[in-house]
Amino acid sequence: MAPSLSPIRSHHVAVIGAGAAGLVAARELRREGHSVVVFERQKQVGGTWIYTDHVEPDPLSVDPTRPVVHSSVYATLRTNLPRECMGYRDFPFVARSGDQRRFPSHGEVLAYLQEFAKEFAIEEVIRFETAVERVAPATEGENGKWRVESTEKEKRVRRDEVYDAVVVCNGHYIEPRLAEIPGISSWPGKEMHSHNYRIPEPFKDQVVVLIGNSASAIDISRDIAGHAKEVHVAGRSNPADTFIKQPGYSNLWMHSMIESVHEDGSVVFQNGQMILVDVIMHCTGYKYHFPFLETNGSVTVDDNRVGPLYKHVFPPELAPWLSFIGIPWQVVPFPLFELQSKWIAGVLSGRIMLPSKEDMMEDIKSLYATLEAQGIQKRYTHRMGIAQFEYNDWLATQCGCPGTEEWRKEMYLTTGVRKRAKPETYRDEWEDHHLISQASQDFSLYTH
């Protein structure tokens, strides 16, 4: 006789964060029949997409006692992916009112996330202005439940509750990583991290060096160039002799990495150039940071590798009762979060099986070994790039839903090529009209 399918189990799940990951996690968990509470420290949904002109009093964001500002978006930020490509699969990110551009501003992305929350009635399960202080196993042994301690700001309510499972969606654009610069302790200028950059006006007539090769270094350098006296971008991955004047600007240069800085205010680059500098801005990314999480060493962050995590989601020791959404980077984030959420929801209900603890550990070890063999440093463990589509398709297979649409892959790839070739104009000039029409055909299934 065929084994009978075990009944779908419903669990009480805590989701930490109501940004793009937490919102779709809540939706998928509820669709699967779980009961959900979302903890959000801000007073609205949207996470990293909520713009604020507040910045932290410590411009480098290293003081552990500082009041933390949970946003890193700057005033002129626009997406670096086209909207069709960015949205959740069954809730297309189409132009509504407001910013109609194909590469819209942060405000348009926030409005999209707010509409998503409204459409799927997610706000009714969110506790706003509630900080999660501690997440720890409630009981020893298998199938352990989780204690979640939280504080609600307004009512000054402290809660200590038990959940069957916890899904961590707290983002990774808050705790800055800094470049190490020889001589920095005696350099007299101002240092800051791009986390605390909002507007270009304060840089008027100054000489500014930005460190980084990422989207933020490129976009912020151009944002500031209209106000600063000179802008110099130093990139660790640039060849040592790099010294290139950027087209379209009279005051913007690309360099190799900084060699050293000195007490007379000078900055010396590996290419031999020396300049007197007012501000060094670190556009050097962020660290994964889970200050609330206690796992007795089952999950650690080592040189920005969160591990061990099976498929970047489940720690084998604690699976499936603890999971993480949104750890991979250099990805199309929202659709990836959506697939991770579907997988977690199905695993928790017993509809989808995980391998044994041992097999999950083996899979992780083989990933680590592959990265090492390819000479890829630990801090790039979760960087996906082109590998994201294979990953998404693997998740989709687990969930029994279709993989990434061809047009979405192609759109991502062509945008990447154009962004490198024409960083100035790629957001406003494009040729992939055939992909846009394929996307809108797909969208007609969902937009009424």
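Every value quoted in this text rests on a predicted model; they were computed, and no experiment measured them.
Note that the CD1 atom of Ile199 and the CD1 atom of Ile224 stand 11.0 Å from one another [nearest 0.5 Å]. Here OG of Ser256 is found 7.5 Å from CG of Asp241. Values are rounded to the nearest 0.5 Å. Between the CG atom of Leu336 and the CG atom of Asn392 there is a distance of 5.0 Å, given to the nearest 0.5 Å. Taken from CG in Leu81 to OH in Tyr412, the straight-line distance is 7.0 Å, to the nearest 0.5 Å. Residue Met257 holds its CE atom at 4.5 Å from CD1 of Ile211, rounded to the nearest 0.5 Å. Between the CE atom in Met411 and the CD atom in Glu406 there is a gap of 12.5 Å [rounded to 0.5 Å].
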Under the salt bridge (charged side-chain N to carboxylate O under 4.0 Å, His left out) criterion, do Asp363 and Lys311 qualify, and how do the steps go?
CA-CA 8 Å; Asp363 188 88; Lys311 306 295 183 194; 3.4 Å; yes

Could you walk me through whether Glu84 and Phe443 satisfy the side chain to side chain contact (heavy atoms under 4.5 Å, CB included) test, starting with their C-alpha distance in whole Å, then the side-chain angles of each, then the deciding distance to 0.1 Å, before giving a yes or no?
CA-CA 9 Å; Glu84 302 87 6; Phe443 292 170; 4.1 Å; yes

Step by step, would you call Ser349 with His34 a side chain to side chain contact (heavy atoms under 4.5 Å, CB included)?
CA-CA 8 Å; Ser349 69; His34 303 294; 3.7 Å; yes

For the pair Val15 and Leu29, evaluate side chain to side chain contact (heavy atoms under 4.5 Å, CB included) and give the outcome as yes or no after the intermediate values.
CA-CA 10 Å; Val15 172; Leu29 287 159; 3.6 Å; yes

Test log, rule side chain to side chain contact (heavy atoms under 4.5 Å, CB included), inputs Leu110 and Tyr51:
CA-CA 9 Å; Leu110 179 60; Tyr51 176 79; over 6 Å; no

Evaluate Arg27 against Glu119 for salt bridge (charged side-chain N to carboxylate O under 4.0 Å, His left out), listing each step before the verdict.
CA-CA 10 Å; Arg27 184 189 73 172; Glu119 173 76 16; over 6 Å; no

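Under the 30°/60° scheme for interplanar angles, the aromatic rings of His11 and Trp321 are found to stand perpendicular. Relative orientation of the Tyr310 and Trp343 rings is tilted, given thresholds of 30° and 60° on the angle between their planes. Between Phe292 and Phe290, the ring planes are perpendicular. Angles over 60° get that label, and only those under 30° would be called parallel. Note: His255 and Phe243 have tilted aromatic rings, judged against thresholds of 30 and 60 degrees for the angle between ring planes.
A salt bridge does not link Lys422 with Asp428: none of the charged nitrogens is closer than 4.0 Å to a carboxylate oxygen. Using a 4.0 Å cut-off between charged nitrogen and carboxylate oxygen, Arg89 and Glu405 count as a salt-bridge pair. A salt bridge links Arg127 to Glu161: at least one charged side-chain nitrogen sits closer than 4.0 Å to a carboxylate oxygen. Between Lys118 and Glu123 there is no salt bridge, since none of the side-chain N atoms of the basic residue sits less than 4.0 Å from a carboxylate O of the acidic one. Using a cut-off of 4.0 Å between Lys/Arg side-chain N and Asp/Glu carboxylate O, Arg78 and Glu108 are scored as not salt-bridged. A salt bridge does not link Arg418 with Asp432: every distance from a Lys NZ or Arg NE/NH1/NH2 to an Asp or Glu carboxylate oxygen is 4.0 Å or more.
The main-chain N or O of His12 is found under 3.5 Å from a side-chain atom of Asp164 such that the two form a donor-acceptor pair. The closest donor-acceptor contact from the side chain of Thr130 to the backbone of Phe128 lies under 3.5 Å. In this structure a side-chain-to-backbone donor-acceptor pair under 3.5 Å is present from Thr295 to Val299. The closest donor-acceptor contact from the side chain of Asp99 to the backbone of Ser105 lies under 3.5 Å. Distance alone, capped at 3.5 Å, is enough to place a donor-acceptor pair between the Gln388 side chain and the Gly385 backbone. Between the Asp393 side chain and the Thr404 main chain, a donor and an acceptor come within less than 3.5 Å of each other. Side chain of Arg427 to main chain of Arg102: no donor-acceptor pair is present (N/O by atom type, distance under 3.5 Å, no hydrogens or angles). Distance alone, capped at 3.5 Å, is enough to place a donor-acceptor pair between the Arg96 side chain and the Val94 backbone. The backbone N or O of Cys283 lies less than 3.5 Å from no partner atom in the side chain of Ser194, so there is not a single donor-acceptor pair. Listed for the Arg41 side chain is no donor-acceptor partner under 3.5 Å among the backbone atoms of Gly17.
A heavy-atom distance below 4.5 Å is not found between the side chains of Val209 and Val279. Residues Asn238 and Val233 form no side-chain contact, since every pair of their non-hydrogen atoms from C-beta on lies 4.5 Å or further apart.
In this structure, Arg101 is not positioned above the aromatic face of Phe103 in the sense of NZ or CZ being under 6.0 Å from the six-membered ring centre and within 45° of the axis. Because its NZ or CZ atom is not both nearer than 6.0 Å to the ring centre of Tyr426 and within 45° of the ring axis, Arg420 does not count as a cation-pi partner of that residue. Remark: Arg198 fails to qualify as a cation-pi partner of Tyr74 under the 6.0 Å distance and 45° angle criteria applied to the six-membered ring.
Heavy-atom minimum distance, Gln100 versus Arg83: C-NH2, 3.6 Å. Of all the heavy atoms in Pro316 and Met361, the pair that sits closest is CG-SD, 3.6 Å. In terms of heavy-atom proximity, Arg9 sits nearest to Gly350 at NH2-CA, 3.7 Å. Residue Pro67 comes nearest to Glu56 through the heavy atom pair O-CG, 3.5 Å, listed as atom of the first residue, atom of the second, then distance. Looking at every heavy atom in both residues, Ala217 comes nearest to Leu210 through O-CD2, 3.8 Å. The shortest non-hydrogen separation linking Ile50 to Val45 is CD1-O, 3.5 Å.
Side-chain contact check for His195 and Ser72: at least one donor-acceptor pair (N or O, by modelled atom type) lies under 3.5 Å. Side chains of Asn304 and Tyr380: a donor-acceptor N/O pair is absent below 3.5 angstrom, by distance only. No donor-acceptor contact under 3.5 angstrom links the side chains of His433 and Glu431, judged on distance only. Side chain to side chain, His282 and His193 fail the donor-acceptor criterion of an N or O pair below 3.5 Å. Defined by atom type and a distance below 3.5 Å, a donor-acceptor pair is missing between the side-chain atoms of Glu129 and Gln42. Checking Asn213 against Ser237 by side-chain atom types alone, a donor-acceptor pair falls below 3.5 Å. Side chains of Ser61 and Asn196: a donor-acceptor N/O pair is present below 3.5 angstrom, by distance only.
Aromatic pair Phe91/Tyr112: ring centres closer than 6.0 Å.
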Tabulate below the donor-acceptor pairs under 3.5 Å that side-chain atoms of residues 168-180 make, not counting sequence neighbours, or state none.
residue, atom, partner, partner atom, Å
Asn170, ND2, His289, O, 2.9
His172, NE2, Gly326, O, 2.8
Glu175, OE1, Arg66, NH2, 3.3

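Screening Phe337, Phe324, Trp329, Tyr391 for a ring-ring contact (aromatic ring centres under 6.0 Å, His included) with His312, the sole residue that qualifies is Tyr391.
Sorted by first and then second residue, the side chain to side chain donor-acceptor pair (under 3.5 Å) pairs involving residues 242-251 (not counting sequence neighbours) are Tyr249-Glu424.
For Glu372, the CD atom sits in a loose shell: 12 or fewer heavy atoms of surrounding residues, nucleotides or ligands are nearer than 6.0 Å.
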